[in-house]
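Below is one structure, written out as structure tokens; the observations come after it.
Side chains included, hydrogens not; waters and symmetry mates left out as well; all remaining heavy atoms used. Every number for a ligand or one of its atoms is a count from 1 in the order of the listing.
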Amino acid sequence: MNYISTRGDQTERRFCEILLEGLAPDGGLYLPVAYPRIDAATLARWRGLSYPDLAFEILSRYIDDIPADDLRALTRKTYTADVFGTEAIVPLKPLEPGLCLESLSNGPTLAFKDMAMQLLGHLFEYELGRRGEQLNILGATSGDTGSAAEYAMRGKAGVRVFMLSPHGRMSPFQQAQMFSLQDENIHNLAVEGVFDDCQDIVKAVSNDLAFKRAYRIGTVNSINWARLLAQVVYYFAGYFQATTSNDEQVSFTVPSGNFGNVCAGHVARMMGLPVKHLVVATNENNVLEEFFRTGTYRVRGSSETWETSSPSMDISKASNFERFVFDLLGRDGARTKSLFGDALRCEGVFTVSPEEFARIQGYGFQSGRSTHTDRLQTIRATYEGQGVLIDTHTADGVKVARELCEDGVPMIVLETALPAKFETTIAEALGPDVHAPRPAALADLESRPKRFHVVPADTAVVQQYVRDHVPL
Ligand SMILES: *Cc1c(COP(=O)(O)O)cnc(C)c1O
């Protein structure tokens, strides 16, 4: 399987060439030249597989430059009960007739990003080892992504992580989660500024090409194809658990921000998984909900980007969305480039044609929106009605799923985080006496020794820190 860019560059690349990359050279995102179709016999065989072996089967349709035995060893090393809590890895939790949660948040950082990032850690170590190279990952985080990356890369040979976070602005839990890591290859830089300052520094360092090359700087952002590919697996695993035969259909509701998670659902559906609807659930930052309702994609400025109680969905633009639009436009790279490269940059908005908009139905997409009040109400109703405590992001999904559920089609809501990460909003919804259970291994998290380094919001200082910690 080879990969091309969404913006018209037809140069075909192999999986391991794009594994460590972000954007394609023409500014587009990578996609496979075609989605492999899974026939009925294969789907029937997959139903009986363990999660790591299912992951191997799916990944091997997209990766032909890692020997099969090595790839199988990587998926078996990644998806263990030890790391994800159960043999099922992503067990379903029934909520009410026709509606269940798929647990994607039982990895080390209690959010679904571990599902992909843990695999990425093993893939990076493997590929860097094969090449005899090193990689220094530079990232900015306000919470989930940074901690998932650190827990995936800790102790991995050939990889260092330099993670910038806004000093004093993460929740005590998130801060403790990252700063308590004592691994030598993990560097937490607490920047005296806000998240945007952190992101600006990462951009400035990445634009310093000489520095980037000399210090082998890379990233692990959500546009990485391998991350998206790893997520395709749990759509199949959720489907097999929710049905007894491959003649049945299910729908998924996905709490969405950057469109990475639900884009993996789109890929699974294109492969032939019997998915009726893919429901995109957003919070008040409804860039995506607006597109699926109107056909207009309008990125937001910072004055229009709200800080909500489902913070990992607070986005001003959805960085993976271009992948779906490329498919929607019949894989017309020139037209995708004109929308994302030119129209967005100049005007911050584009509208697809009525014919293109009409095609969205064929891809199964629906959407809905949820607000802070909806979240509180949904958390309360789900706790009192079903005895299940859900987090704020999952609550956005459950709220929208309840509106769009159909008789006879099981609806699977992806649980993207555990409530233990968002105690303040849980208390607001349920009062101070209800406590979100925390995995026993994290009981003393906040009291562990912390390892971090405070720096001013200054690119030169961050670059000097990297120089001091990377042997040339
Ligand atoms: C990242 C994240 C999301 C959004 O996922 P996207 O792939 O960006 O759409 C939703 N919920 C939680 C808890 C997250 O960490």
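Listed by chain and residue number, nothing satisfies the ring pair (Phe, Tyr, Trp, His ring centres under 6.0 Å) test with Phe357 (two or more places apart in sequence, or in another chain).
A salt bridge between Lys337 and Asp342 is absent, with no side-chain N of the basic residue lying under 4.0 Å from a carboxylate O of the acidic one. Salt bridge Glu384/Arg380: absent, no basic N to carboxylate O contact under 4.0 Å. Comment: Glu446 engages Arg438 in a salt bridge, judged by a side-chain N to carboxylate O separation of less than 4.0 angstrom.
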Ligand 1: which protein N/O atoms lie under 3.5 Å from its N/O atoms?
{"from": "ligand 1", "atom 1": "7 (O)", "to": "Gly260", "atom 2": "N", "distance (Å)": "3.2"}
{"from": "ligand 1", "atom 1": "7 (O)", "to": "Asn261", "atom 2": "N", "distance (Å)": "2.9"}
{"from": "ligand 1", "atom 1": "8 (O)", "to": "Asn258", "atom 2": "N", "distance (Å)": "2.7"}
{"from": "ligand 1", "atom 1": "9 (O)", "to": "Gly257", "atom 2": "N", "distance (Å)": "2.8"}
{"from": "ligand 1", "atom 1": "9 (O)", "to": "Asn258", "atom 2": "N", "distance (Å)": "3.2"}
{"from": "ligand 1", "atom 1": "9 (O)", "to": "Phe259", "atom 2": "N", "distance (Å)": "3.1"}
{"from": "ligand 1", "atom 1": "11 (N)", "to": "Thr416", "atom 2": "OG1", "distance (Å)": "2.9"}
{"from": "ligand 1", "atom 1": "15 (O)", "to": "Lys113", "atom 2": "NZ", "distance (Å)": "2.5"}
{"from": "ligand 1", "atom 1": "15 (O)", "to": "Asp144", "atom 2": "OD2", "distance (Å)": "2.7"}

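Taking the six-membered ring where the residue is Trp, the centroids of Phe321 and Phe291 are separated by under 6.0 Å.
Side chains of Asp314 and Asn285: a donor-acceptor N/O pair is present below 3.5 angstrom, by distance only.
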